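First comes the structure, then the notes that go with it.
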Amino acid sequence: MSKPKIAIIIGSTRQTRFADKPAAWLLENAQKRDDMEFELVDLRDYDLPFFNEAASNLWMPSQDARAVAWQNKVGEFDGYIFLTAEYNHSITAALKNALDQAYKEWNRKPAAAMGYGGVGAARAIEHLRNIAVELQMVPLRNAVHLGAGEFMKVSPLGQNGDMSEVDEILQPSLTGMLDELAWWAAATKTAREAAA
């Protein structure tokens, strides 16, 4: 079996977003593993409209070519790590819209998360797990939370330091998340291939 292919999806599109710094750290560390392949997928690169289809693509094909292009991209992967900020106790509108623009492509694949902000996007990630259940994904227990003092060390709102300043404290949760992701990505990939 080929290695599971995992998308690291940057869930913010704001011009002033902080996401690029943790995204680079996450990709660099994830690529040290030899049991999965990783690709950074930036929502900025997909000109997704607000969801405006007659129904989810579970029920009928999407008509907007931008939505179809997104579905094709999402479909390439065996699992996902969503990098999200927390906006008003939830995920970003851009990420929610991207999740809504596909359905079948998410099914039976694991969903991991890294969040950042005052509480490490804990509430946003919990909401993301609920959305993942509805999309028939496997939401993972383990996540990476960049919050509180560690967030202020690396955020432009604080000291704007390098991610190396918080690396040691994030590594245990990153290892736990990636180990869990590797197991579920391999298991669901095997099951999907057997059912095909």
Side-chain angles (χ1 to χ4, degrees), residues 2-14 17 19-20 22-23 26-27 30 36-87 90-115 121 123-141 143-144 177-178 180-196:
S2 60
K3 294 179 187 178
K5 188 175 177 185
I6 307 298
I8 297 173
I9 298 178
I10 300 178
S12 174
T13 58
R14 289 188 308 122
R17 72 184 183 188
D20 298 296
L26 181 56
L27 179 63
M36 296 175 281
E37 296 177 359
F38 296 89
E39 181 180 331
L40 204 58
V41 177
D42 191 341
L43 290 185
R44 280 185 181 168
D45 297 335
Y46 296 86
D47 182 28
L48 286 173
F50 282 118
F51 181 77
N52 193 31
E53 300 292 335
S56 159
N57 74 341
L58 172 66
W59 304 108
M60 62 180 60
S62 298
Q63 299 302 305
D64 193 303
R66 296 168 293 178
V68 173
W70 173 246
Q71 292 160 7
N72 290 338
K73 185 62 180 178
V74 168
E76 294 177 11
F77 298 99
D78 301 302
Y80 309 91
I81 302 173
F82 296 99
L83 178 64
T84 187
E86 182 170 312
Y87 293 177
S90 190
I91 61 175
T92 67
L95 179 54
K96 179 60 166 71
N97 185 55
L99 287 160
D100 291 342
Q101 294 283 1
Y103 188 88
K104 298 180 296 183
E105 296 77 13
W106 303 119
N107 291 178
R108 298 178 176 91
K109 298 175 184 177
M114 177 177 178
R123 297 164 297 204
I125 290 173
E126 192 63 23
H127 190 192
L128 179 61
R129 289 179 178 124
N130 288 331
I131 296 166
V133 168
E134 183 59 28
L135 293 171
Q136 299 186 48
M137 302 176 80
V138 180
L140 303 189
R141 175 193 179 276
V144 179
M177 181 186 75
L178 292 177
E180 186 182 10
L181 179 60
W183 193 95
W184 280 107
T188 54
K189 180 176 169 59
T190 300
R192 288 193 318 274
E193 289 175 353

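Small disclaimer: the values here were computed from a predicted structure and weren't measured.
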Q | Full working for side-chain contact (heavy atoms from CB on, under 4.5 Å) between Leu40 and Ile8 | A | CA-CA 5 Å; Leu40 204 58; Ile8 297 173; 3.6 Å; yes
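- Residue Ile10 comes nearest to Leu43 through the heavy atom pair O-CG, 3.2 Å, listed as atom of the first residue, atom of the second, then distance.
- Here the straight-line distance linking atom NZ of Lys109 with atom CZ of Phe77 works out to 9.0 Å at 0.5 Å rounding.
- Under the 3.5 Å distance criterion, the side-chain polar atoms of Arg129 are left unmatched by any main-chain donor or acceptor of Ala111.
- Distance alone, capped at 3.5 Å, is enough to place a donor-acceptor pair between the Gln63 side chain and the Pro61 backbone.
- Taken from CD1 in Ile125 to CG in Leu140, the straight-line distance is 11.0 Å, to the nearest 0.5 Å.
- Partners of Ser62 under the side-chain contact (heavy atoms from CB on, under 4.5 Å) rule, at least two apart in sequence or in another chain, are Glu53, Asn57, Ala67, Val68, Gln71.
- Atom NZ in Lys73 sits 9.5 Å away from atom CG in Asp45 (nearest 0.5 Å).
- Minimum heavy-atom separation, Lys3 to Asp78: O-OD2, 4.2 Å.
- Between Met60 and Ala55, the shortest heavy-atom contact is CG-CB, 4.1 Å.
- Checked by atom type and distance alone, the side chain of Arg108 never pairs as donor or acceptor with a backbone atom of Arg192 at under 3.5 Å.
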Q. Going through the distances and angles, do Tyr103 and Trp59 end up as a ring-ring contact (aromatic ring centres under 6.0 Å, His included)?
A. CA-CA 9 Å; Tyr103 188 88; Trp59 304 108; 8.2 Å; no
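- Between Pro139 and Val133 there is a side-chain heavy-atom pair separated by less than 4.5 Å.
- Crowding of Trp106 atom CH2: a count of heavy atoms from other residues, nucleotides or ligands under 6.0 Å exceeding 12.
- For the atom pair CG of Leu99 and CG of Leu135, the computed distance is 6.0 Å after rounding to the nearest 0.5 Å.
- When every heavy atom of Lys189 is checked against every heavy atom of Pro4, the shortest pair comes out as CD-CA, 4.1 Å.
- For Arg123, the side-chain contact (heavy atoms from CB on, under 4.5 Å) test picks out Glu86, His89, Val119, with sequence neighbours left out.
- Lys96 pairs by the side-chain contact (heavy atoms from CB on, under 4.5 Å) definition with Ile91, Asp100, Ile131, not counting sequence neighbours.
- At a threshold of 4.0 Å, the pair Asp64-Arg66 counts as salt-bridged, since one of the basic side-chain nitrogens sits closer than that to a carboxylate oxygen.
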Q: Please report the C-alpha distance between Leu178 and Phe38 in whole Å, then the side-chain angles of each, then the deciding distance to 0.1 Å, and finally whether the side-chain contact (heavy atoms from CB on, under 4.5 Å) criterion is met.
A: CA-CA 11 Å; Leu178 292 177; Phe38 296 89; 4.2 Å; yes
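- Using a 4.5 Å heavy-atom threshold, the side chains of Trp70 and Val41 count as touching.
- For Asn97, the side-chain contact (heavy atoms from CB on, under 4.5 Å) partners two or more places apart in sequence, or in a different chain, are Leu48, Phe50, Phe51, Gln101.
- Put simply, NE2 on His127 and OG1 on Thr84 are 10.5 Å apart, with the number rounded to the nearest 0.5 Å.
- Applying the side chain to side chain donor-acceptor pair (under 3.5 Å) criterion to Asn107, with sequence neighbours excluded, gives no partner residue.
- The two residues Asp42 and Tyr46 make their nearest non-hydrogen contact at O-CD1, 3.4 Å.
- Residue Ser12 comes nearest to Arg17 through the heavy atom pair O-NH1, 2.6 Å, listed as atom of the first residue, atom of the second, then distance.
- Evaluation of the salt bridge (Lys or Arg N to Asp or Glu O under 4.0 Å) rule for Lys5 yields Glu39, Glu76 as partners, not counting sequence neighbours.
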